[in-house]
Amino acid sequence: MAWSRMARSSQLSRSISRMASGSGAPTPASSALRNAEAANAHRGAAHSFHSLALVGLSDKCGAGHLLHPNRGISTTPPTLHPAGAAAAAEPVECSDAEDHSAAVPDLGPTKPGEKPRVVVLGTGWAAFRFLKDVDTSAYDVVCVSPRNHMVFTPLLASTCVGTLEFRSVVEPVSRIQSALATRPGSFFFLANCTGVDTRRHEVHCTVASDEAAVGTLPRNPYRFRVAYDKLVIASGAEPLTFNIKGVEENAVFLREVSHAQEIRRKLLTNLMLSENPGLSEEEKKRLLHCVVVGGGPTGVEFSGELSDFITRDVRERYAHVKDYVKVTLIEANEILSSFDIGLRQYATNHLSKYGVKLVRGVVKEVEPTKIVLSDGTSVPYGLLVWSTGVGPSEFVKSLDLPKSPGGRIGVDEWLRVPSADDVYALGDCAGFLERTGKPVLPALAQVAEREGKYLAALLKRVAAQNGGKAHCCGKKTDLGEPFVYKHLGSMASVGRYKALVDLRENKDAKGVSMAGFVSWLVWRSAYLTRVVSWRNRFYVAVNWATTLVFGRDNTRIG
């Protein structure tokens with residue numbers, strides 16, 4: 001009986017193969033059937049009909065393409081990249097360097113009648129504001145980023161010591177722009193962009209995930225391409241290390257939630273380890289010595305939070321080692337150099353009063369247990385936080401695009417990259433070209449946010465003039481007024497219910513400049529209103545109230 005079924009199946013396969021090839025040149029279906037006849041002779045009838053259905057579907061949809069009706073993503077036959085070679089590859093500008101015959105999944109170009117697609121690289125301040133304001137009735141939106149949330153960085157230092165919980169300072173991109181989760185043509189891809197092909201209007205991406213998850217994907221690393229009509233590069237910047245030996249290996253930066261989690265875990269671990277018997281006095285002092293390098297707003301705010309944590313919580317809950325806990329802030333020049341001299345002096349006096357030792361020096365080398373300064377001084381540490389500003393990332397450096405002073409992507413007055421059609425750059429990764437006559441803007445959250453708001457309005461105006469599609473934004477398109485940045489002022493907390501507020505456009509202009517408790521109330525009120533969502537405003541307010549009443553949580557998790 002089984003042999004009879006297999007014979008009928010084989011005969012049916014040959015008949016359909018002859019019908020499929022009767023009109024002339026063999027089709028992919030007929031070729032596949034002829035090559036598979038021997039294998040089908042040893043399989044059941046169900047397997048034969050399943051093969052016929054797949055091959056017929058392949059002919060109908062185009063040779064070699066699979067259907068993804070819900071996402072609109074096509075894929076070519078899986079010619080896999082060797083994992084070792086791919087892992088060793090550096091980010092490159094893809095216009096000439098990449099072999100486009102290599103078959104990888106892609107989100108192809110938009111078709112006539114479809115909305116134009118704007119691809120956004122990053123989920124920082126600039127990308128967040130652009131995604132929030134972009135006109136989704138005019139554009140489909142694709143966001144590519146290795147993280148699925150935006151971080152409210154002004155309050156990140158507070159999470160390191162438990163003043164705020166981590167979820168209070170993050171906002172998922174699907175809440176910022178609901179179209180990414182609900183619209184059929186809009187997507188969020190958890191991936192790193194490894195190159196931009198400005199000639200073909202596409203970006204090349206590699207999936208960003210942990211090793212366990214990546215190992216279950218069809219390819220490791222898993223790569224894909226995304227075509228764009230408009231591209232917004234808002235990939236941010238990386239911490240500056242000035243090529244000082246040992247910084248990358250031994251210091252902790254403070255730019256991501258993962259950094260804050262590491263700082264909190266390491267701080268609490270050192271506190272608990274220092275109470276174990278058998279440790280020398282010298283080793284206890286080293287473990288409980290927290291060193292901050294960089295006297296900008298982030299370094300000063302973290303030092304203030306840490307000092308407050310030590311004064312209010314550590315001395316009460318770690319009484320055995322309270323006298324060993326120290327904080328040192330190292331800065332090559334003046335702390336808070338963007339503030340006027342009066343506010344700088346207030347911050348210096350306040351930090352010194354509450355136990356922060358200020359050291360002026362230049363770091364020469366960082367070792368696992370100590371810092372070596374340029375004058376030969378050694379500073380032992382148990383926790384090292386590095387906050388010396390930011391510079392262009394390796395991805396930005398790899399792009400074959402014009403650069404502004406400092407290595408950032410060069411843009412004109414409308415945030416366009418002049419040498420690449422339909423490409424815009426904003427945030428910390430971008431700066432004005434020299435020919436514009438404008439200075440490179442500082443790497444501040446308020447600059448990036450203002451640029452994101454401006455670009456969303458500009459692209460809405462472009463779409464209204466039928467310029468949303470690739471290559472359709474011509475010289476006659478009215479872009480409106482160029483981008484102009486006006487500084488709204490600066491604020492910084494220094495701990496113990498004190499803060500600095502400078503609402504002047506620059507240090508020489510007139511305006512409000514004050515320090516103290518009232519400034520602290522202004523600082524908290526301003527940031528509470530600027531937190532992205534009402535949900536997070538509620539979280540922040542509750543966290544502040546809980547900390548005020550019960551103190552900071554010192555549970556070590558992970």
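Between the side chains of Asn250 and Glu367, no donor N or O sits under 3.5 Å from an acceptor N or O. A donor-acceptor contact under 3.5 angstrom links the side chains of Asn543 and Ser168, judged on distance only. In this structure, a donor-acceptor pair under 3.5 Å is present between the side chains of Thr388 and Trp386. Residues Thr269 and Arg556 bring a donor and an acceptor atom of their side chains to less than 3.5 Å of each other.
Look at Asp553 and Arg264 and you find a salt bridge, because one of the NZ, NE, NH1 or NH2 atoms lies within 4.0 Å of a carboxylate O, short of that distance. One finds a salt bridge joining Lys397 and Glu394 here, because a Lys/Arg side-chain nitrogen approaches an Asp/Glu carboxylate oxygen to under 4.0 Å. Ion pairing between a basic and an acidic side chain is recognised when a charged N comes within 4.0 Å of a carboxylate O; Glu451 and Arg129 show no such pairing. A salt bridge does not link Arg435 to Asp412: none of the charged side-chain nitrogens sits closer than 4.0 Å to a carboxylate oxygen. A salt bridge does not link Glu316 with Lys322: none of the charged nitrogens is closer than 4.0 Å to a carboxylate oxygen. With salt bridges taken as basic N to acidic carboxylate O contacts below 4.0 Å, one links Glu449 and Arg530. With salt bridges taken as basic N to acidic carboxylate O contacts below 4.0 Å, one links Glu256 and Arg147. Arg265 has no carboxylate O lying under 4.0 Å from a charged side-chain N of Glu262, or vice versa, which leaves the two without a salt bridge.
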What's the verdict on side chain to side chain contact (heavy atoms under 4.5 Å, CB included) for Leu155 and Val531, showing C-alpha distance, side-chain angles and the deciding distance? CA-CA 9 Å; Leu155 295 179; Val531 172; 4.1 Å; yes
Run the salt bridge (Lys or Arg N to Asp or Glu O under 4.0 Å) check on Lys285 and Glu282 step by step: do they pass? CA-CA 5 Å; Lys285 289 180 180 179; Glu282 183 179 353; over 6 Å; no
Arg504 vs His487, side chain to side chain contact (heavy atoms under 4.5 Å, CB included): CA-CA, chis, key distance, verdict: CA-CA 8 Å; Arg504 298 173 298 173; His487 187 61; over 6 Å; no
Ser493 vs Glu305, side-chain hydrogen bond (donor to acceptor under 3.5 Å, both in side chains): CA-CA, chis, key distance, verdict: CA-CA 8 Å; Ser493 169; Glu305 285 281 356; 5.1 Å; no
When you look at Val161 and Ile310, which way does the side chain to side chain contact (heavy atoms under 4.5 Å, CB included) test go after all the steps? CA-CA 9 Å; Val161 295; Ile310 292 168; over 6 Å; no
Worked verdict on Arg360 versus Glu334 for salt bridge (Lys or Arg N to Asp or Glu O under 4.0 Å): CA-CA 8 Å; Arg360 180 173 291 189; Glu334 295 276 348; 3.1 Å; yes
Decide yes or no on salt bridge (Lys or Arg N to Asp or Glu O under 4.0 Å) for Lys284 and Glu275, but give the supporting numbers first. CA-CA 8 Å; Lys284 285 184 180 181; Glu275 293 189 310; over 6 Å; no
Any chance you could lay out the side chain to side chain contact (heavy atoms under 4.5 Å, CB included) test for Leu459 and Asp135, step after step, and finish with the verdict? CA-CA 8 Å; Leu459 289 188; Asp135 185 3; over 6 Å; no
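Within the 3.5 Å criterion, the main-chain N or O of Gly382 finds no donor-acceptor partner in the side chain of His289. Here the side chain of Thr153 pairs no donor or acceptor atom with the backbone of Leu156 at under 3.5 angstrom. Between the side chain of Ser186 and the backbone N or O of Val141 there is at least one donor-acceptor pair closer than 3.5 Å. A donor-acceptor pair under 3.5 Å is formed between the side chain of Ser519 and the backbone N or O of Met514. Judged purely by atom type and a 3.5 angstrom limit, Arg416 has no side-chain atom pairing as donor or acceptor with the backbone of Pro418. A donor-acceptor distance shorter than 3.5 angstrom exists from the side chain of His259 to the backbone of Arg255, with no hydrogens or angles considered. The main-chain N or O of His149 is found under 3.5 Å from a side-chain atom of Thr123 such that the two form a donor-acceptor pair. Listed for the Asn270 side chain is a donor-acceptor partner under 3.5 Å among the backbone atoms of Leu287. Side chain of Ser307 to main chain of Ser303: no donor-acceptor pair is present (N/O by atom type, distance under 3.5 Å, no hydrogens or angles). Put simply, the side chain of Thr529 gets close to the backbone of Ser525: a donor and an acceptor are under 3.5 Å apart.
The neighbour count for Phe538 CZ, taken as heavy atoms of other residues, nucleotides or ligands under 6.0 Å away, does not exceed 12. The environment of Asn243 atom CG is sparse: at most 12 non-hydrogen atoms of other residues, nucleotides or ligands sit within 6.0 angstrom. Other residues, nucleotides and ligands contribute only 12 or fewer heavy atoms inside 6.0 Å of the NZ atom of Lys364.
Between Val292 and Ile330, the closest side-chain pair of non-hydrogen atoms is not below 4.5 Å. Put simply, the side chain of Phe188 reaches to within 4.5 Å of the side chain of Ser145, judged on heavy atoms. Looking at Asn536 and Glu171, their side chains come closer than 4.5 Å, going by heavy atoms from C-beta outward. At a threshold of 4.5 Å between non-hydrogen side-chain atoms, the residues Ser274 and Leu288 count as touching. Contact of the Glu281 side chain with the Tyr324 side chain is registered, since non-hydrogen atoms from C-beta on lie closer than 4.5 Å. No side-chain heavy atom of Leu329 sits less than 4.5 Å from a side-chain heavy atom of Val359. A heavy-atom distance below 4.5 Å is found between the side chains of Trp414 and Tyr454. Phe253 places none of its side-chain heavy atoms less than 4.5 Å from the side chain of Ile263.
Between Phe128 and Trp125, the angle of the ring planes goes over 60°, which puts this pair in the perpendicular group of the 30/60° scheme. Using cut-offs of 30° and 60° for the angle between ring planes, the Tyr497 and Trp520 rings count as perpendicular. Using the six-membered ring where Trp is involved, Phe483 and Phe432 have ring planes that are tilted, between 30° and 60° apart. Using the six-membered ring where Trp is involved, Tyr527 and Phe152 have ring planes that are perpendicular, over 60° apart on the 30 and 60° scheme.
Nearest heavy atoms, Pro146 versus Leu190: O-CD1, 3.4 Å. Scanning both residues, Pro402 and Leu433, for their nearest heavy atoms gives CB-CD2, 4.1 Å. Across all their heavy atoms, Ala347 and Leu500 have their closest contact at CB-CD1, 3.9 Å. A pairwise comparison of heavy atoms in Arg535 and Arg175 identifies NH1-NE, 3.6 Å as the closest pair. Annotation for Ser235 and Cys429: closest pair N-SG, 3.8 Å, computed over non-hydrogen atoms. Nearest heavy atom pair, residue Ile409 against residue Ala425, reads CG2-CB, 3.9 Å.
Rounded to the nearest 0.5 angstrom, Leu273 CG and Leu268 CG are separated by 11.0 Å. Taken to the nearest 0.5 Å, the OH atom of Tyr139 stands 12.0 Å off from the OG1 atom of Thr136. One finds the CG atom of Leu399 at 9.5 Å from the OG1 atom of Thr198 (value rounded to the nearest 0.5 Å).
Checked against Asp308 for a salt bridge (Lys or Arg N to Asp or Glu O under 4.0 Å), the options Arg315, Arg496, Lys498 give a single hit: Arg496.
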